[in-house]
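Working notes, beginning with the structure itself.
Numbering of ligands and ligand atoms starts at 1, following listing order.
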Amino acid sequence: EYIYKIHGIKYLEEKLKKKLEVLEVKIVPGDLAENPYVLVDMGMVAANAIESNIQDNSIIGITGGGTMVAVAKGITKPTKCNNITVVPARGGIGREVEKQANTITAEMARRLKCQYQLLHASDTLGQQALESVLKDPEIQKVTDIIKSVNLLVFGIGRADKMAERRELPKPVIDKLKGLKAVAEAFGYYFTREGEIVYNMQTIGISFKDFERISTVIGVAGGKNKAEAIVAVSKLKKSMILVTDEAAAVEILQKY
Ligand code: F6P
């Protein structure tokens, strides 16, 4: 039975925050796997968290995925802050244009009425191609801005699902399984304890950058992402988590 029905959502937020040992937890009622409006709500809550955490001159880094599409759509008012820039946190031109970080960056900036920069570099470049792309002055301009991101908003995925979505080669998939990867975020794959087991060779923020960034907001919901959320919460104590009730209850009961 859903705990919040008895104690309220605030109670659930407090409990989850203690359990995960993160800075802040925001929970929207319901299960996004069953009710699409829950994702809409989660997007709005994340959008509010963005507005309350930016300051003048903030550089917002964002990742791709369906959850982040909802976060962009959750922004309904221009920002009150000045000189805000949105950039994709990692390179990556996947199959679905709507879910790419570049597309979400542009949409977010349009809604916030702020500046943005795009990154024109594919996720699937080989090492050599990647090295020459990195020397391109236009790309360098953007990678410099990415290195100065001070607010990161990112989606969290299951390692198995993300490996599948990215069509990683079989040996890599086997490696991920063998090393017990359960979570994926900003190109890195993690175990439940938050140990890195693999990362995509792409342009953009590195794990070191992630550790340095002052404010990070992770957004993910649905019961099936519970373990991935647990893993990613281990990465940074100052993290703000936006999730749904289904994931929250699953984490409290199972982990
Ligand atoms: O591919 C970008 C990304 O943000 C991943 O880092 C993350 O695992 C995934 O998308 C989440 O996707 P979704 O919100 O569609 O579940």
Please say which of L179, N199, L235, I156 ends up in a side-chain contact (heavy atoms from CB on, under 4.5 Å) with F190. L235
Pick out which of V22, N53, I50, V216 makes a side-chain contact (heavy atoms from CB on, under 4.5 Å) with I240. N53
For the residue pair V71 and M108, establish whether any side-chain heavy-atom pair is separated by less than 4.5 Å. yes
Would you indicate whether the side-chain heavy atoms of D209 and L152 approach each other to under 4.5 Å?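 Side-chain contact under 4.5 Å: no.
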Which protein non-hydrogen atom lies closest to atom 14 (O) of ligand 1, naming both residue and atom, and how far is it? T67 OG1, 2.5 Å
Looking only at protein heavy atoms, which one is nearest to atom 9 (C) of ligand 1, and how far off is it?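 For atom 9 (C) of ligand 1, the nearest protein heavy atom comes out as M162 SD, 3.7 Å.
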Does ligand 1 come near enough to [X] that some N or O of the ligand is less than 3.5 Å from an N or O of the residue?
| X | value |
| --- | --- |
| G64 | yes |
| G66 | yes |
| M68 | no |

Tell me the contacting part of K225 for ligand 1: side chain, backbone, both, or neither, using a 4.0 Å heavy-atom threshold, strictly below. side chain
Region of E184 that comes within reach of ligand 1 [heavy atoms, distance under 4.0 Å]: both
Proximal atoms of ligand 1 relative to [X] (non-hydrogen, under 4.0 Å):
| X | result |
| --- | --- |
| G157 | 7 (C), 8 (O) |
| T63 | 4 (O) |
| G65 | 10 (O), 12 (O), 14 (O), 15 (O) |
| F186 | 6 (O) |

Same apolar cluster (I L V M F W Y, side chains within < 4.5 Å links), L20/V45: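 Hydrophobic grouping puts L20 apart from V45.
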Heavy-atom distance to atom 11 (C) of ligand 1: which of V153, I104, I156 wins? I156
On a heavy-atom basis, I'd like to know which of K161, K99, M200, R165 is closest to atom 13 (P) of ligand 1. R165
Are any of the side-chain nitrogens in R192 or E227 under 4.0 Å away from the carboxylate oxygens of its partner? yes
Ionic contact status for K17 with E13, cut-off 4.0 Å: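 Looking at E13 and K17, the cut-off is not met.
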Taking the side chain from R158 and the backbone from N224, do they hold a donor-acceptor pair closer than 3.5 Å? yes
May I ask whether R166 has any heavy atom positioned less than 4.0 angstrom from an atom of ligand 1? yes
Does the plane of the ring in F186 sit parallel, tilted or perpendicular to the ring in F154? Use 30° and 60° as the thresholds.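 Perpendicular, since the angle between the ring planes exceeds 60°.
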